[in-house]
Structure formats: C-alpha cells, structure tokens
Amino acid sequence: MVDTQSFRLIGKDIVKIPLRNVNGQNIIYWSDIKQVFPGVIYVQNGDVAITMMRDSHENIIKPDRIEHCPNVVLEIVLSTTGQHVHVDNTMSTPNPGFEGTVLHKLNGLHDQGDTTQKIAKEVWKLAKQMNDRLILIQSKTEAILTQNYELLEYTIPRLFIVLPETSTSWDPATMLRTKFRLHFICECGEHTKASGSKIPHHLHLANHEGYVISKPTEFFQKYGPFLMLMLQMIKLGTGIAGHVVPALANLKVVDALDFAESSVNSVTSKIIQGVDYSLAYLEESRSLIKKSSDVDVGGDAGAFPDDLGSYLTGVEGLEGVELRQLGSYLKANNSDKLLGNLYRMTTKDGHVKWVCRHHYRAGYQEAHTQKLRDVVKLARGVFDEQLGRIEVTMKSSFAAAEFYDALCKAKAGVYDLDITFGWECSRTDLEAFEKALKMSSVSILRLDIERFQASITSKLLSTSTRYQILVRVMEHTSMKLIHIVLSKDFVKLSNLQPKRSSHLHKLSVEMTPRASDFRVLVKSLRTNNPLTTLNLINNSIGNEGALALSEALKTNNILTTLNLTNNSIGNEGALSLSEALKTNTTLTTLNLEYNEIGYEGALALLDAPKTNTAFTTLYLKSKLIGNEGALALSEALRTNNPLTALDLSGDSIGKEGTLSLSEALKTNTTLTTLNFNSIGKEGALVLSEALKTNTTLTTLNLRSNSIGKEGALVLSEALKTNTTLTTLNLRNNSIGDEGALALSEALKANTSLTTLDLRSNAIGNEGALALLEALKTNTNLTTLNLTNNSIGKEVVLALTNVSKASRCRILVNDAE
C-alpha cells in the first residue's frame, strides 16, 4: 500500500497525495500539490502554516517540498484573485445550514450584476469565514477523538449523532414537529485492525435502529455543540489520531462484505439528507435563540459570520457523569441496554472504545472466545460481551481451573468480573485465581470468598502471610475497582492495606463476622480499614454493642452500609447511633429491622440526615414505633428530610399514622422508596391521593397490607395520572379479579410503571386476561409477577407465550 498525505480544500472531500521518499525522509513535492489543487498558495495544519523544507543553511531545498505530517488532514488555502472565482449560478434553492447560506449570498451578488472584483472580495471574506469555521470544527473534533476514558467512566458509547426519523426536506415551519433518533458511532480505527482483515476500519454509524429522542428541543439545547461537531465530522470526513471518517458523500459500499451492507446505511441519500436536516435544525435553533436575546445579526458581510466560536467554546467529549445522564435520558423511552449493538473494548494502551460486532471480532480468536462462552454457560453464569462483563459462580476447583484457562486464552475483552467461589476454597485456590487474574484484562473485580476455609497450617502463619494473596490482587496495577466479600476467617484483613494502591479508584470489603470477633472488628473500624459493607445480623450486640459501634463510626470515613438486623437494640442504642451519624460523613445505609426501637429512637435516627446528607436509607421494621411514632416521622418528612429510602414494613402504624405519612408525601420531594405495613383499605385511599401529587416516589412496597379490591381500585386511579412511580409491590393483598381489572385499566394510561408484583392475590382467569389485554397498549411494563394466583392452564399458556414474544417478562409459575 502506498503511503499518502491527506489534504482537503474547504468544503470538499479529503484527497490523498502519494509520498516521495528522499534520503529516507517522507516528503510531498509542491508541484504534486499544485497539480491536484491549482491556485494553492499554502497549506496549513490547524492554524499553523506549513513552510517549505530548508537545508542546514536555512535555504529552501529545491525542488520545493514540504514534510509529511502523519495522521492529520492538511487544509489547502487558494489564491483569492478574481481569476479563481467560481459561482455556481444553477443553485436556485439554498442548502440548509451555513454552507447553503454562503452559496445563497454569492448567488445574490452574481444575479445583481456586481463586478468580478466585488464578488471576489466577498468570496475572500466568506471563504475565510468558512475556513476558520472548518479549522475550529477540526480542532474541536480532534480534541474529542483523542480524549481518553477510564473503564469506570465509559458506561455507554460516547460518540453519537441525531437524525430525523423520516427522510424529509428542511422546512423551518415543521421543525418542532420533527421526530428524531440518536445513533451511536463505532469507534474503530488502527486499534481494531488485524493482519489480513478486509473490513474497512473507518468510523461509521452503528447498525441499529437508533433511540427515540422524546424531547428534541431540550436535547439539542443540552448537547447542541457536541452534536454539531459530530454531524460535521460525519458529513465532511476527517483523519485524526488513528481514526478515519470518509466524507459522507464520498463513502462507497464494499460489495464483497455483508458487513458493508448492514453498516453503511450511513452513506445512503437518506442519511446524507438527515445529517443536513439536523445541522439545519441546530442552525435554526441558534438563530431563534439569537433573536430572543435581541441580538442584531444584520444582513451585511460583517455581521454574517455567526458566533460559532462562542457556541463551541468549552465543548469537549462527554464526561462520565454526562454519559450516565445521557443513559438515563434515553432509558425513559427505550427498552434495551442503550449500547446500540456496540461492544466495549480496551486498546493496547488501555484506552476504552465502543466498536461494532465486526470490528470487535476482528481482534480475537473465535475458538477461544467460544470456549469461554461454553465454560460460563456450563457454570450457569452470564457473559455480556457488549460490556465485557462476566458474572459466574464456580462450584469446584476443577471448574474454576477450566474457567481460568479459558479466560486467559480468549482475547475477547473481559474487563469486569464478578466471581463467587461457591465451594470451601483454600489458599491454593486463591493462588490459582491470582495468577489467572494477572494474565487477564480484568480491571473491575467483585470477588466473593465467603466460603473460604483456612487450613490448620495456614492458621499458624502470620496475618500478613495468610492474607498476602489478596493483598497481591489489590496491588495489580491493572485493577481499578475491587470489591471483596470476605469469609469469617479473614476478619483481620481489614487491618491490612496494599502498599501500592494509587492505581485503584475504589477498594471495598464486605463481611459477616462471628460474634466472637466483634471487639476486634470495632477496633479495626476506628483505623479506617477498607471495609465498606458490614453485616452483623443476628449477633445480639444490644445497646452496649451499638454504643461501641457508634464511637467507631464517629471517626470512620469508609463504611457505607451497616446491617444491624435483629440485635436487641433499643432506644438507647438508636440514640447513640443517631449521634454518631451527625458526625459520620460516609454511611449511607443503616438496617435496624427487628430490633426493639420505639418512636423516640426512630425519630432521633430520622433527625440525623438533617446534618448528614450522606445518610439516605433507613430500615426500621419495629412493632414498637406505632401510631405515635408515625405522626412524629410524618412531621420530619414534611421538612424535606434528605432521606431517600424508608422501610416501615412490620410497623403497626395504624390509620391515623398512615393518614399523616400520606399527607407528608404530598409535599416531600426527596423520598424515592417507601415500604408500608398494615395500612388497610382506608390507608390505601389516603395514600392514593398523595400519589396523585407526589413527583419523586419511584418505589412503593405495600406487600401484605390488606388493601383488598377497594384499595386496588383507588390506587389504580392514582396510577392513571402518576408519572414517576416505576415499581409497585401489591403482593398478598387479596385484590382478586376486580382489583386486577382496575389495574389493567390503569396500565393502559400509565407511562412510568415498569415492575408490578401481584403475587398471591386470588386473581383468576378474568383478571389475568384483562392484564394481558392491557399489555397490548402499555409499552413500559417490563416485569409482571402473577405467581401463586388462581389462573387456569390455558390462560397460563397464553401469558407464557406473550412473555416470550414481548418486552414484558410475565411470571406465572412458582418455579420462576
């Protein structure tokens, strides 16, 4: 293949000129450039002019030549004298966007009979504006394409454009009625090329139907500058840092490859027209913003250049937070995993890219990858090749050894590994795992060794020797995030820290210690060990233990989750914990279910988030809270307590307490998850009224609340207008067919609910069929649980068939 240098004339496609090798140096003769681009006066790289090569005495080397600039597109600058002016007078209808406006303005001058000199002057001005515009777009695009991402930040693809759903000509009068879809871009390039590969490795649109943009105006406003760069890149083409994007109109389909047929929908006239339409939409949107801001754009050439510089100022690639926001935005109207049929991979230098299946498969051996798939499937695990993630439980040393072998041989990127040792593993097993991990590409690890059994010999070893294997895992420089679920034998590991940890973004440890190790554990908590999740369920630590934990929590800034379920903790212990929470800044979740906490202790705990905004989730479940406690809790919720999740199931709240809590929900804007108990039919009525106005609650658990069909009826009315609730648990409430019928009507109108649990509700064929009918119009529900009801075999079969064919998973058998 002949080496070339890429050039581009403003507004034209990229042209490649062969290099000449003179004395071992790659050059381009100036005569070759002039032959391709008559009238060229100089070339530039960005805003830097490329000068002729000189010898050691600073004399220009003859014949004239310039040095090769690899991986960039050099811009051609032509002479601005009259003889080079060319106006296309056949252009009667202007193209949308900036370029169309330029042509339209030139045509107007020509039609008015202006002199060649005047037209030339205007051409010079407009050409400079277009040149500056392209240089700005090129530099910004280069910054985005060369931006490097960590695996943890890169949750969804980062490159995308937005196109209209249907092929249509630009018409400002209809722009607000246009529907758009987001299309991700495959980031292939030098990093996906393999020897002998015949697949084109230029950036292209993913082979996917795209994702619905529900609110285009808001979306274009938020992502407009980024979209403009991506659209211009796709339209005009570029060649930057190992990425090649051919100009859209110049791209050709490779007939011999099925891949080309499926992925080059980006070169059809529909896509070309769509790109122009989206660019015009952006330009028009910016124009409207200018007018609304009373900016006088005028009509002369001086005012003609838009404020593209200020519009694109600061625009860069989307950061991790922005990508997560984008994912949440799209998820509201799209059902799949929002990956656009793209796969996540890492390059040799550790950079993350999202590429299509063809480019993903080009870089690994299919046989080894298939072996890995088979091993994971045999272990009943999950291999998500798009994310490069495996979740698996190994049941023996032999099965684990097979998995390690397949993991190391497969070149398919496995970057995220969630592995559980489901047998009584030993130190030797951990050594084998550590060796395999070192040879793999894993950088995110969740390791569960809760069933680890220390041998008699290993128990005689020092702490550092016994635990050095796990410390070595922590010190692997490829590791970015590690979470380890420890066995009881590793209680002292919390005192150890890896010597090298700068590579780690996060190290967390979870364990369920023995009651006899409680004192050791409390002592280690004061030293800020890596323990983030501590499970002390059923340890009977009482108020005294709660007090000791509270003292440790005052200085600890690592622990995030603490489970103290069923520990005989009363108000005294709850008060001491609430005091600790006022100074602790990291604990987010506290589980105090099935303790002896009354309303005084509950109120003190609910008061803690007022000064500690990190603490967001509280599980109480205590029969001692009662009606009086519920009234006090309601008052706290009315003040918009920062708490986001509250579990009161198991509490005998009563009618008055339910009424008070429901009233609080009408004004509370922070609580997203709420579990109730014993509210009955009347409680359901007042709660349904709150749901009609509450805009933050997403999860409501009313399991075993005796609401009956009457409660289901009033909740159904609320669901018809509520737009935020996504999960509703009505298990074991005896709603019957009548309640199911009411809920089916609600599902026809509701647009937010995704999960509905109706287990054990005496629902028969009539109610099940009504729910099935509702699913024909409801496109949001993804899980419907109807197990343990009175549904006949024929209806069960109908539900099962619909579940297989639709996006909604319907559970009707107890085994499911």
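Computation of the quantities below employed the complete heavy-atom set of this structure, encompassing side-chain atoms and omitting hydrogens, waters and symmetry-equivalent molecules. Just so you know, residue 1 is the first one in the sequence shown, and it goes up from there.
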Side chain of [X], backbone of [Y]: donor and acceptor closer than 3.5 Å?
{"X": "Ser803", "Y": "Leu799", "value": "no"}
{"X": "Asn595", "Y": "Leu564", "value": "yes"}
{"X": "Thr588", "Y": "Thr560", "value": "yes"}
{"X": "Thr782", "Y": "Thr754", "value": "yes"}

Flag side-chain contact, heavy atom, 4.5 Å: [X] against [Y]:
{"X": "Glu738", "Y": "Leu713", "value": "yes"}
{"X": "Phe403", "Y": "Val376", "value": "yes"}
{"X": "Glu593", "Y": "Ile537", "value": "no"}
{"X": "Glu596", "Y": "Ser568", "value": "yes"}
{"X": "Thr532", "Y": "Ile558", "value": "yes"}

Above 12 or not: heavy atoms from other molecules or residues under 6.0 Å from [atom1] of [X]?
{"X": "Arg389", "atom1": "CZ", "value": "yes"}
{"X": "Lys666", "atom1": "NZ", "value": "yes"}
{"X": "Lys377", "atom1": "NZ", "value": "no"}

Practice item. Determine the sole option in Asn732, Asn788, Thr787 for which the side-chain hydrogen bond (donor to acceptor under 3.5 Å, both in side chains) test with Ser760 is passed. Key: Asn788
Check your understanding: Is a side-chain donor-acceptor pair under 3.5 Å present for Asn539 with Asn567?
Key -> no
Check your understanding: How about Asn557 and Thr586: does a side-chain donor come under 3.5 Å of a side-chain acceptor?
Key -> no
Check your understanding: What's the verdict on side chain to side chain contact (heavy atoms under 4.5 Å, CB included) for Thr617 and Thr644, showing C-alpha distance, side-chain angles and the deciding distance?
Key -> CA-CA 6 Å; Thr617 305; Thr644 60; 4.3 Å; yes
Minimum heavy-atom separation for [X] and [Y], please, with both atom names.
{"X": "Ala718", "Y": "Ser688", "answer": "CB-O, 3.3 Å"}
{"X": "Val392", "Y": "Ala379", "answer": "CG2-CB, 3.6 Å"}
{"X": "Ser578", "Y": "Ala604", "answer": "CB-O, 3.4 Å"}
{"X": "Arg731", "Y": "Asn761", "answer": "CA-ND2, 3.9 Å"}
{"X": "Ala762", "Y": "Ser790", "answer": "CA-OG, 4.5 Å"}
{"X": "Ala742", "Y": "Ala712", "answer": "CB-O, 4.4 Å"}

How many angstroms lie between atom [atom1] of [X] and atom [atom2] of [Y], to the nearest 0.5 angstrom?
{"X": "Asn750", "Y": "Leu756", "atom1": "CG", "atom2": "CG", "answer": "9.5 Å"}
{"X": "Leu702", "Y": "Leu674", "atom1": "CG", "atom2": "CG", "answer": "8.0 Å"}
{"X": "Glu766", "Y": "Ile791", "atom1": "CD", "atom2": "CD1", "answer": "12.5 Å"}
{"X": "Asn571", "Y": "Ile597", "atom1": "CG", "atom2": "CD1", "answer": "7.5 Å"}
{"X": "Ile763", "Y": "Leu743", "atom1": "CD1", "atom2": "CG", "answer": "7.5 Å"}
{"X": "Asn705", "Y": "Leu730", "atom1": "CG", "atom2": "CG", "answer": "9.0 Å"}

Can you tell me which residue among [options] is in a side-chain contact (heavy atoms from CB on, under 4.5 Å) with [X]?
{"X": "Leu618", "options": "Asn591, Leu605, Thr589, Asp647", "result": "Leu605"}
{"X": "Ser752", "options": "Leu719, Asn780, Asn722", "result": "Asn722"}
{"X": "Ile810", "options": "Leu781, Leu772, Asn785, Asn801", "result": "Leu772"}

